[in-house]
Number of protein chains: 2
Amino acid sequence: MTTIHDVARISGFSLGTVSNVINHPENVARKTRAKIEAVMVELDYSPNVMARNLSLGTTRNIGVVLPNNRHPYFSYIVDGIMEAAFPTGYRVSLLPTNYDEDIERRYLRELQQKAYAGMIFTSRQLPLDELVRATRFGQIVSCENVGTRAISSAYSDRLPTYEQALRWIKESGYTQVALMVQRGGEDSETTRDLLQAYRNVFGRELADSRLRLGIANRRDGYDAACFLAATDPAVDFVLANGDDIAAGVYMAYKDNGQKIPGIMGTENQLSSQLLHFPTINHHLETLGHIAFSLAIREGVRHQLVKSDFIARN
Amino acid sequence: MTTIHDVARISGFSLGTVSNVINHPENVARKTRAKIEAVMVELDYSPNVMARNLSLGTTRNIGVVLPNNRHPYFSYIVDGIMEAAFPTGYRVSLLPTNYDEDIERRYLRELQQKAYAGMIFTSRQLPLDELVRATRFGQIVSCENVGTRAISSAYSDRLPTYEQALRWIKESGYTQVALMVQRGGEDSETTRDLLQAYRNVFGRELADSRLRLGIANRRDGYDAACFLAATDPAVDFVLANGDDIAAGVYMAYKDNGQKIPGIMGTENQLSSQLLHFPTINHHLETLGHIAFSLAIREGVRHQLVKSDFIARN
DNA sequence: TTGAAAGCGCTAACAT
DNA sequence: ATGTTAGCGCTTTCAA
């Protein structure tokens with residue numbers, strides 16, 4: 001590997017001068033600069049990033065913590081982040097946690113060690129306070145509402161949109177609603193919002209058996225729907241956390257030859273357009289976009305991304 | 001930030017000994033090790049990755065070069081890579097190129113600077129020889145067939161499967177086939193294979209106007225199909241590079257109130273199952289899996305991933 | 001304008 | 001078993 005030393009030696013100038021043509025070219029005489037640059041080209045030199053980072057004490061890396069690589073929720077956010085990162089020259093590292101708190105903590109340590117300039121939590125298991133404490137080491141952005149905590153966030157106002165969606169369901173005459181989500185209300189803010197919206201609109205608690213947990217993909221949706229169809233035929237509407245999942249529900253009822261209930265999903269994926277069922281669009285790419293820009297900027301800021309309900313019949 | 005020096009000073013042992021408890025604990029007396037570890041915990045110390053990398057001259061980072069973040073082709077490969085990387089503790093950085101050769105070259109430089117232990121090219125613009133030359137600096141894996149070049153690869157045997165698919169089309173009685181792809185035969189090996197398969201099965205060249213270029217998503221597919229429907233009503237079959245894209249084609253013909261041609265896509269996405277059209281599964285997640293394992297292992301190896309045709313009516 | 005030298009935090013010989 | 005020291009490749013004072 002050719003280093004800055006080689007360039008110095010061969011060009012006949014000192015280390016410091018070579019470093020200056022890289023970092024402060026305005027402080028170097030035109031002629032020497034030209035010579036040194038020529039040598040750099042000749043040797044095919046380019047500065048070692050690791051050394052540079054160590055010396056500077058910073059990187060241009062952003063870590064994106066995601067519990068789950070499969071769920072479209074996260075893919076959409078990542079898409080938005082990538083798009084925003086590209087023109088800035090920042091690198092983004094994907095940091096999967098598999099919903100493991102200890103692994104999240106390990107990533108936080110890497111932030112502490114300056115492996116990343118900032119970190120985006122698309123979701124989290126760790127107590128919020130641990131994140132807040134870690135902001136000393138680098139910028140941290142949450143993709144969920146953090147209230148007034150001292151941590152930047154780009155988040156969706158899910159509750160009003162959920163209410164709107166559930167009102168639509170109610171007004172369409174459905175009364176026996178089942179929900180499919182990944183994590184329960186204790187773990188997930190989204191699920192909490194959804195249950196709250198249900199309460200607000202229907203004026204009662206959702207029966208436990210009508211909240212199907214652990215649903216992450218279309219296959220899960222299919223299986224859960226088979227179960228519902230067999231054990232709870234009264235259900236006349238299924239709201240799932242993703243259009244593809246909702247499509248799985250559709251296929252299950254169809255394959256079982258049962259009357260297909262009303263269905264609704266989220267993210268306005270292709271499947272809801274093909275099957276023409278309503279959906280909730282959280283605008284996750286926009287959210288990723290904003291999350292990235294917060295991650296590379298100092299200070300705490302909270303930014304709301306409005307979601308919306310798309311009615312279809 | 002607390003460093004190894006702090007740990008040394010406070011524990012009363014030397015730098016080297018502290019370093020040893022981190023890297024070669026077996027060479028340290030049980031008692032001193034215990035003391036030092038206690039201090040580490042107390043100080044909430046963890047080694048600085050950048051310094052460690054610089055000293056060692058390696059990282060545990062894998063860079064994944066992708067031209068395009070949106071196309072499902074790449075998402076599926078990335079999914080496979082992430083899944084394979086997770087248990088190994090390697091980090092993966094996404095490196096978008098936007099199909100720009102110079103940007104690919106820049107990433108290659110970062111490999112040279114040891115920013116990555118290895119690099120996976122899901123696709124490339126650069127001449128293969130440039131990649132081969134760069135293997136001196138780190139492991140490079142191509143996700144396309146590289147023949148006998150000295151560079152590892154995990155690739156799909158597309159040609160036979162394309163032939164099988166086109167034979168199915170022919171035997172189903174279709175004769176006026178249009179293809180939708182992203183890049184032309186000059187740029188893309190996939191497209192070359194596809195055109196070759198067409199030649200082999202139909203015994204003639206595909207008309208230029210029946211090869212629709214620049215198609216990357218469902219929207220593109222929709223637009224291209226509108227164009228086809230308007231300008232070339234003889235077309236009776238459309239084969240698109242992705243099921244969602246093919247679904248866009250379906251919707252276009254439907255929205256235009258025209259007779260819907262036969263359609264076929266790739267990747268066995270949800271949409272082909274919903275609309276029940278045939279597809280070609282390239283098993284891209286498996287491919288990503290293999291690409292990753294090749295990236296963290298020495299030596300050159302070529303690994304074929306069999307794709308298959310899924311007939312549906 | 002250029003050069004010399006210290007330091008970023010760590011690892012690994014080598015010496016004790 | 002533990003300590004000392006010389007790097008890894010770079011940036012940035014500070015001095016010339």
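Chain letters run A, B, ... following the sequence lines, proteins first, then strands; residues in each count from 1. Just so it is clear, the values below take in all heavy atoms, side chains as well, and ignore hydrogens, waters and symmetry mates.
Remark: A/N23 is in phosphate contact with D/dT11, judged by side-chain N or O atoms under 4.0 Å from OP1 or OP2. In this structure, B/S55 does not reach the D/dC8 phosphate: none of its side-chain N or O atoms is under 4.0 Å from OP1 or OP2. In this structure, A/S19 reaches the D/dT11 phosphate: one of its side-chain N or O atoms is under 4.0 Å from OP1 or OP2.
In this structure, B/Q139 contributes its side chain and B/I296 its backbone to no donor-acceptor pair below 3.5 Å.
Atom CZ of B/R9 is separated from atom P of D/dT2 by 20 Å (rounded to the nearest Å). If you measure from atom CG of A/N48 to atom P of D/dG7, you get 18 Å, rounded to the nearest angstrom. Put simply, CZ on B/F13 is 13 Å from P on D/dA1, counting in whole angstrom units. With rounding to whole Å, A/D6 atom CG is found 11 Å from D/dG9 atom C1'. Atom CE in B/M50 sits about 14 Å away from atom C1' in D/dC8, given to the nearest Å. In this entry the distance linking CD1 of A/I4 with P of D/dG7 reads 18 Å, nearest Å. Protein atom CG of A/L15 is 14 Å distant from nucleotide atom P of D/dG7, rounded to whole Å. Distance CG (A/N27) to C1' (D/dT12): 12 Å, rounded to an integer number of Å.
With contacts defined as side-chain heavy-atom distances shorter than 4.5 Å, the pair B/I103/A/F86 qualifies. Between A/E189 and A/Y155, the closest side-chain pair of non-hydrogen atoms is not below 4.5 Å. Proximity of B/H283 to B/L287: side-chain heavy atoms (C-beta onward) are nowhere separated by under 4.5 Å. At a threshold of 4.5 Å between non-hydrogen side-chain atoms, the residues A/Q125 and A/R183 count as touching.
A donor-acceptor pair shorter than 3.5 Å can be found between the side chains of B/E110 and B/Y116. Counted by atom type alone, B/R158 and B/T190 present one or more donor-acceptor pairs between their side chains at under 3.5 Å. Side chains of B/S46 and A/R109: a donor on one and an acceptor on the other come within 3.5 Å.
The side chain of B/T17 has D/dT2 as its nearest neighbour among D/dT12, D/dT2, D/dG9.
A 4.0 Å heavy-atom criterion places the boundary nucleotides of DNA chain C facing chain A at C/dT1 to C/dG9, written 5' to 3'.
Atom OH of residue B/Y99 and atom CG of residue B/D187 lie 9.5 Å apart, to the nearest 0.5 angstrom.
Residue A/L54 is in base contact, counting any heavy-atom pair closer than 4.0 Å across all strands shown. Using a 4.0 Å heavy-atom cutoff across all strands shown, B/N53 reaches no nucleic acid atom at all. Base contact: B/G16 has a heavy atom under 4.0 Å from a base atom.
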Between protein and nucleic acid, restricted to nucleotides 14-16 of chain D and to nitrogen or oxygen atoms under 3.5 Å apart, what atom pairs and distances do you find?
none

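Residues B/A134 and B/L111 approach most closely at O-CD2, 3.9 Å, considering heavy atoms.
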